[in-house]
Amino acid sequence: MSYAAYKMMHLPTGIDHCAAGFITHSPADAAAFSTPAPAPTAAAGPDGDIDSTAARAPRRVGPTPNLVVSAANVLEVYAVRAEVATGAEDAGNSSSTGTILDGISGARLELVCHYRLHGNIESMAVLSDGTENRRDSIAVTFNDAKITCLEFDDSINGLRTSSMHCFEGPEWFHLKRGRESFAWGPIIKGDPQGRCGAVLVYGLQIIILKAAQVGQSLVGEDEPTRVLSSTAVRIESSYVIDLRDLEMNHIKDFTFVHGYIEPVLVILHEREPTWAGRISSKSQTCMLSAFSISMGLKQHPMIWSAAKLPHDAYQLLAVPPPISGILVICANSIHYHSQSTSCSLALNSFSSQPDGSPEILKTSFHVELDVAKATWLSHDIVMFSSKNGEILLLTVVYDGRAVQRLDLMKSKASVLSSGATTLGSSFIFLGSRLADSLLVQFSCGMPTSVLPDLTDEPADIESDLPFSKRLKRIPSDVLQDVTSVEELSFHNKAVPNIVDSAEISFVVRDALINVGPLKDFAYGLRTNSDPNAAGIAKQSNYELVCCSGHGKNGTLSALQQSIRPDLITEVELPSCTGIWTVYYKSSRGNTTDNNEYHAYLIISLESRTMVLQTGDDLGEVTETVDYNVQGSTIAAGNLFGRCRVIQVYAKGARVLDGSFMTQELNFSMHTSESSLNSEPLAAASASIADPYVLLKMSDGSIRLLIGDPSTCTISINAPAIFASSSERISACTLYCDRGPEPWLRKTHTDAWLSTDVGEAIDDNDNSSHDLSDIYCIICYESGKLEIFEVPSFKRVFSVDNFVSGPAILFDVFSRNSTKDSGIGDRDASKVSVKKEEAANIKIVELAMHRWSGQFSRPFLFGLLNDGTLLCYHAYYFEGSESNVQCAPFSPHGGSPDIGNATDSRLRNLRFCRVSIDISSRDDISCLVRPRITIFNNVGGYEGLFLGGPRPTWVFVCRQRFRVHPQLCDGPIVAFTVLHNVNCCRGLIYVTSQGFLKICQLPSAYNYDNYWPVQKVPLHGTPHQVTYYGEQSLYPLIVSVPVRPLNQVLSSMADQELGLHMENDVTSGGDLQEVYTVDEFEVRIMELGKSNGRWETRSTIPMQSFENALTVRIVTLQNTSTKENETLMAIGTAYVQGEDVAARGRVLLFSFSKSENSQNLVTEVYSKESKGAVSAVAALQGHLLIASGPKITLNKWTGSELTAVAFYDAPLHVVSLNIVKNFVLFGDIHKSIYFLSWKEQGSQLSLLAKDFGSLDCFATEFLIDGSTLSLVVSDSDKNVQIFYYAPKMVESWKGQKLLSRAEFHVGAHVSKFLRLQMLPTQGLASEKTNRFALVFGTLDGGIGCIAPVDELTFRRLQSLQRKLVDAIPHVCGLNPRSFRHFKSNGKAHRPGPDNIIDFELLSHYEMMSLEEQLEIAQQIGTTRSQILSNFSDFSLGTSFL
């Protein structure tokens, strides 16, 4: 019996829903901290013309709400951070795209919180009551009828569930009316005044969620201390309205309208359905009904209605006040309705109006609005993002409250969006499943304020910009190098009737990367791969090349899981223990800070130190400098603003000015009288923060070297506070809190006192002067963490059990104030289960850093001696004031500073734990080299590098971690950054084999993604890709929409004949624009070795109306020469409508061997076949072709294919897979079939099939040793694993495939790829023949299904069952119900659940140590056993 595990490796990125709301702050808070707009004189900009100065007085950008997005089962909340332009003086080096609009020079999205849910989000709404001092809450819905409301909780700096509503189960069966499957999940909308929400479930039931009144808390919730006016909107109760009672039978959309005293719900519904064949006689079938919702009486009288709306109406938009009313969006027209007036606008010649109605206005251009996404830019302008990516602006022209007409104008082209939302008064967000999602700034100004560079050559708002936040060097012409077919300018000169409408200009400010929908991918070698690599290092030779995107947003995405740096040079260097690069500022050198080159490279070996000068080349200067080169170095760095270098070694320290020593300190001379023993004192580790150096001595004591900037000398000091204490210190570090306003100062209890004074002093001199506070962070062997101010060593923060990794860290003195938050100290009260296992876990290394950014907050890292990395993000939480007085009496005996405890503690400082996926598991001894290296600019990125046996890069992008392992060189013992002439923003590292390598990060990749990605625009839809290994070519199918030839010819003929009759011009002109035909071609792409760019080497066009369906590289045995030939096989189909019999072609191409030949590929065979050729594969030298419902096996003679065997498939073959002589194919409706090919009788015979009906998406074999399983994914987002067991009774003598496991993935799996697993050191070493399946989904996620051995499976399955109850799940979702096979109403016999779910198991590492030990003991195993199973699995499946 074989078992499997499921793990997501790359989370989904295609954004389904987006919404805007004040989640983390109320509008009043936002107005307080958004920076005021600069004076109009400063905003004149580099142009400096006097007229524009007055016109450009920047509009004050109002409070900006948060952005909430969801991608499949991932929920994320972002904050919009705008950079205010300070005027002309720094317009040269502005850090964003540089275009200044409304006084803003740039903006980016910063992550607030991120959750992976056990359920796909079906719809999302923000519940807001529109008042200044209340926050909004997020309401999300899940299948079948689950609703959860979330609000932001400051005390945990994350979302918490405020209410859950479930309308499933036996007591709600009557809502379904006997139906099992529904076209879509629950849809939620919120009332604009926040009085209620409405959810449409089961097609015809509306659930009204009543919001609690201001000042009323939820029943039974005891929180008198919270100021209730600032809490978020909450739901109090709910009830159901059955729409059948109101005689509705098909709801299309519903929304709440503005401007009534009670909430008014308007429903768009179809009274009697129609269909395409009856449009001529029955087309106005939709109607509007408006109901006034009286929640107290639970009544809903109808107050107005409007009938005879077109059958293609699909969306309602509530018009904001002062106009109010509703817009009905149809595919061919737009209608405005309110209680008193109505008007409409026809969009093309297909729009129909009822007889006898007045003539309606028409637009001057043809457009179709089906599936458009809309959002309001202002109270009378709505923006549409249409199905082909155009941006349209609709202006509601009104007088008083009467709407006179609707005006539509074209604006720019943009991405194909799945949702649009307006963020405040100046940003919109376009979410997309098919392209990158964009944050766009807009400005509705007078035409003078439109940017001059954008009006002259209008650029397409596309997402091809390389938005990797290269820290200070994004070119300002990013927007100009993008071209598109349909360029549209801002000033719409072609439309004369909208001269008075406002001009709107757009600038793209940020983009969230999306690699979905992944239709197909190929596994090929990277350009910088190393042919000699073996084992795990060999994996990073490969990359996934994926077909992603659609239409003009189609791209080829190259994804890598691990980073392989580009090597500049390497040197052999055995027994290295550390490397450092230092700056040296000579007094006359006046270079700017952020681009200064490094001066020296210091290399510490076991018994000596080398010093190299990093000028034009690396030259060794060890003999000529005054460094201590006789022994090894412990640390080196700059002091006194880069004027001096300090070198710390075991016996002492030296301060150097360039190559000359200015001071030497000897530690043994300065020891205190306690060291009577003969052992001289030696330093073990050091941490440098200008002008201090913290030393941890070999006996565990602490010394501080204090620098004096005036004389550039240092003196040693032993802090008295540690001399008396008996606790041993396990790790320590210094943290320098720099910046215009140091962050930790704000968390003081008396912060408001100190900051005001500080600012007043500061304003006299240079106001950009950076203040810096230095703190010392110490962790004891007991697991306690304390933070001290330096140099006074006043204790300001302490946490008792840091080592166990609790979810929240807070100062012990503020413990009383957290009772309300429900995160009190529950771990301390629990008796530790296995004291001896917990006792030997220690922190071996600490680091704390705050990366750049005005709103960034510090991160704290602790490395445990079992290889776990704890990450914490600091945040500010002001506890309730009432508990401050009693705080000092909290039980914390023996602290010497209890008297002044309240006035100087960082009482408002808290840390929340951040999950980080690092799979290194190894025992670290306490006296090991430091592993964490923090870097501020490597290739334009910032973050930290974790050395050791499994080196890992942790990039910090948008205040979130992007973790990318580096496998290519094995363990890394030392790392540092290098910036000089030949290696710009590069890095140096030393491998454990003793090689020093100088490298750069590959610049083509964007690291702000779950995996590093390079996106190549194709300007067409990619369908399938395959890899030809001998020449590293990627043939892929691309389709580009074009207008068919007969359309073009007829339009030319019309112009020649001059047929300009009035009625024909509109309809004829319209119809020419109406339809496009996809033209298919096979492009052969190659990644250039020299320049790293993707190039098209050759193109094979298809015939007209011919669609290429499959392209594969096949190895066939030529029967005449008995040699194997590698050919490219293409299967096509002619699409000519339902009246023509289907036919297709099989094409075979050979690759030219010589480099310089004209034709890369030549056609060697082509033949028409009956039926579409949907799949091809090579079976033991023969070619297997699925054409229509028949599968034929052909032998290749060198010029002809001759059929040797066939098998009749049921309907249409979707996928073919082959192992040895076994064939697995999936049918479009009839599940999977398992065949075998016998050479002697030359027959394809059916072994077994699945008798159920299943709409297959992808199939593949799963191989575990000698066990063969068949995996299939289906249209209901499930995966099933079958096996062939003819000896079993229930297999009906082997005719039926038996179910081994079934699992709900929650996404459409479009492709499986079988890859060999790496053997791990665990129990499974005897099974070398193991293959895992990597799969891609249409949401942009990548995961794997891999076999596991039975012992691991049993252990992790019992852990999984425990975790269902042991963890509080976000949104209250149950992981077990989510992973149940969903049959969507079809009959299905449940199979076994022999798959373990790593999405749930990954929560185990985020629990605190005590909980981990307790759960491990309950299931009869140990924590280290579970964690080593995790790490073995991720090692075995790290394929890239």
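Heavy-atom basis, side chains included; hydrogens, waters and symmetry copies ignored.
- Here the CG atom belonging to Leu317 is positioned 8.5 Å from the CG atom belonging to Asp253, to the nearest 0.5 angstrom.
- Phe142 has its side chain within reach of Ile121: a pair of non-hydrogen atoms, C-beta onward, lies under 4.5 Å apart.
- In this structure, Ile207 and Leu209 have side chains that are in contact, with non-hydrogen atoms separated by less than 4.5 Å.
- No side-chain heavy atom of Glu262 sits under 4.5 Å from any side-chain heavy atom of Ile293.
- Using a 4.5 Å cut-off on side-chain heavy atoms (C-beta onward), Phe254 and Leu243 make no contact.
- A donor-acceptor distance shorter than 3.5 angstrom exists from the side chain of Lys519 to the backbone of Gly549, with no hydrogens or angles considered.
- Enclosure of atom NE2 in His17 by more than 12 non-hydrogen atoms of other residues, nucleotides or ligands within 6.0 angstrom is indicated.
- Every residue two or more places apart in sequence or in another chain that forms a side chain to side chain donor-acceptor pair (under 3.5 Å) with Asp1276 is listed here: Lys1386.
- Counting heavy atoms from C-beta outward, Ile241 and Phe291 have side chains that stay 4.5 Å or more apart.
- For the pair Leu127 and Cys149, the minimum side-chain heavy-atom distance is below 4.5 Å.
- When only modelled atom types and interatomic distance are considered, Glu122 and Asn143 share a side-chain donor-acceptor pair under 3.5 Å.
- Other residues, nucleotides and ligands contribute more than 12 heavy atoms inside 6.0 Å of the CG atom of Leu297.
- Using modelled atom types, one side-chain atom of Tyr314 and one backbone atom of Ala372 make a donor-acceptor pair closer than 3.5 Å.
- Remark: side-chain polar atoms of Ser432 are paired, donor with acceptor, to backbone N or O of Leu416 under 3.5 angstrom.
- Across every non-hydrogen atom of Val319 and His379, the tightest pair is CG1-O, 4.4 Å.
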Report task. Check the pair Val367, Phe384 against side-chain contact (heavy atoms from CB on, under 4.5 Å), reporting the backbone distance first and the verdict last. Result -> CA-CA 11 Å; Val367 66; Phe384 291 103; over 6 Å; no
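- Checked by atom type and distance alone, the side chain of Glu1079 never pairs as donor or acceptor with a backbone atom of Val1040 at under 3.5 Å.
- Closest heavy-atom contact between Gly325 and Tyr336: CA-OH, 3.7 Å.
- A donor-acceptor pair shorter than 3.5 Å can be found between the side chains of Thr422 and Thr375.
- The main-chain N or O of Gly14 is never found under 3.5 Å from a side-chain atom of Asp1339 such that the two would form a donor-acceptor pair.
- Looking only at distances, no side-chain donor or acceptor of Lys412 sits under 3.5 Å from a matching main-chain atom of Ser505.
- Listed for the Ser123 side chain is a donor-acceptor partner under 3.5 Å among the backbone atoms of Ile188.
- Between the side chains of Glu270 and Thr285, at least one donor-acceptor pair of N or O atoms lies under 3.5 Å.
- Expressed to the nearest 0.5 Å, how far CZ of Phe173 lies from CD of Glu168 amounts to 9.5 Å.
- Ile381 contributes atom CD1, which lies 9.5 Å from atom CG of Leu394 (distance to the nearest 0.5 angstrom).
- Residues passing the side-chain contact (heavy atoms from CB on, under 4.5 Å) test with Gln1136, sequence neighbours excluded: Phe1105, Tyr1134, Val1140, Arg1143.
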Report task. Show your working on side-chain contact (heavy atoms from CB on, under 4.5 Å) between Ser1039 and Asn1107 and close with a plain yes or no. Result -> CA-CA 8 Å; Ser1039 69; Asn1107 289 12; over 6 Å; no
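- Put simply, CZ on Phe442 and CG on Leu393 are 10.0 Å apart, with the number rounded to the nearest 0.5 Å.
- Here the NE2-CG distance, from His335 to Leu345, works out to 9.0 Å after rounding to the nearest 0.5 Å.
- Under the side-chain contact (heavy atoms from CB on, under 4.5 Å) criterion, Arg278 pairs with Thr274, Trp275, Ser281, Lys282, not counting sequence neighbours.
- Taking every heavy atom of both residues into account, Ser414 and Leu438 meet most closely at OG-CD1, 4.5 Å.
- Atom OG1 of Thr255 is separated from atom CG of Leu288 by 11.0 Å, given to the nearest 0.5 angstrom.
- Crowding of Arg271 atom CZ: a count of heavy atoms from other residues, nucleotides or ligands under 6.0 Å not exceeding 12.
- Look at Arg195 and Asp129 and you find no salt bridge, because none of the NZ, NE, NH1 or NH2 atoms lies under 4.0 Å from a carboxylate O.
- Side-chain contact between Ile267 and Met248: present, with at least one pair of heavy atoms (C-beta onward) separated by less than 4.5 Å.
- Between Asp312 and Asn332, the side chains place a donor N or O and an acceptor N or O closer than 3.5 Å (distance only, hydrogens not considered).
- Of the charged side-chain nitrogens involved, at least one lies within less than 4.0 Å of a carboxylate oxygen, so that Arg177 and Asp242 count as a salt-bridged pair.
- Ring pair Tyr239/His300: centre-to-centre distance not below 6.0 Å.
- In this structure, the side chains of Phe167 and Val199 stay at 4.5 Å or more apart for every pair of heavy atoms.
- Ring planes of His366 and Phe350: perpendicular class, angle over 60° (limits at 30 and 60°).
- Within the 3.5 Å criterion, the main-chain N or O of Ser1275 finds a donor-acceptor partner in the side chain of His1308.
- Checked by atom type, the side-chain pair Ser333/Ser351 shows no donor-acceptor distance below 3.5 Å.
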Requested in this report: Just do the side-chain contact (heavy atoms from CB on, under 4.5 Å) check on Ile326 and Leu268 with the steps written out, would you?
Outcome: CA-CA 11 Å; Ile326 202 141; Leu268 172 69; over 6 Å; no
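- Using modelled atom types, one side-chain atom of Lys252 and one backbone atom of Ala313 make a donor-acceptor pair closer than 3.5 Å.
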Requested in this report: For Thr141 and Ile187, run side-chain contact (heavy atoms from CB on, under 4.5 Å): C-alpha distance rounded to whole Å, both residues' side-chain angles, the deciding distance at 0.1 Å, then the answer.
Outcome: CA-CA 7 Å; Thr141 66; Ile187 299 167; over 6 Å; no
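- Ser417 approaches Lys373 most closely through the heavy-atom pair O-CG, 3.7 Å.
- In this structure, the side chain of Lys210 does not engage the main chain of Gly296 through any donor-acceptor pair within 3.5 Å.
- Contact between Leu423 and Ala20 at its shortest, heavy atoms only, is CD2-CB, 3.5 Å.
- A cation-pi arrangement is not found for Lys189 relative to Phe256, the charged atom failing to lie both closer than 6.0 Å to the ring centre and inside a 45° cone about the ring normal.
- Shown here for Ala198 and Ile208, the closest heavy-atom pair between the two residues is CB-CD1, 4.2 Å.
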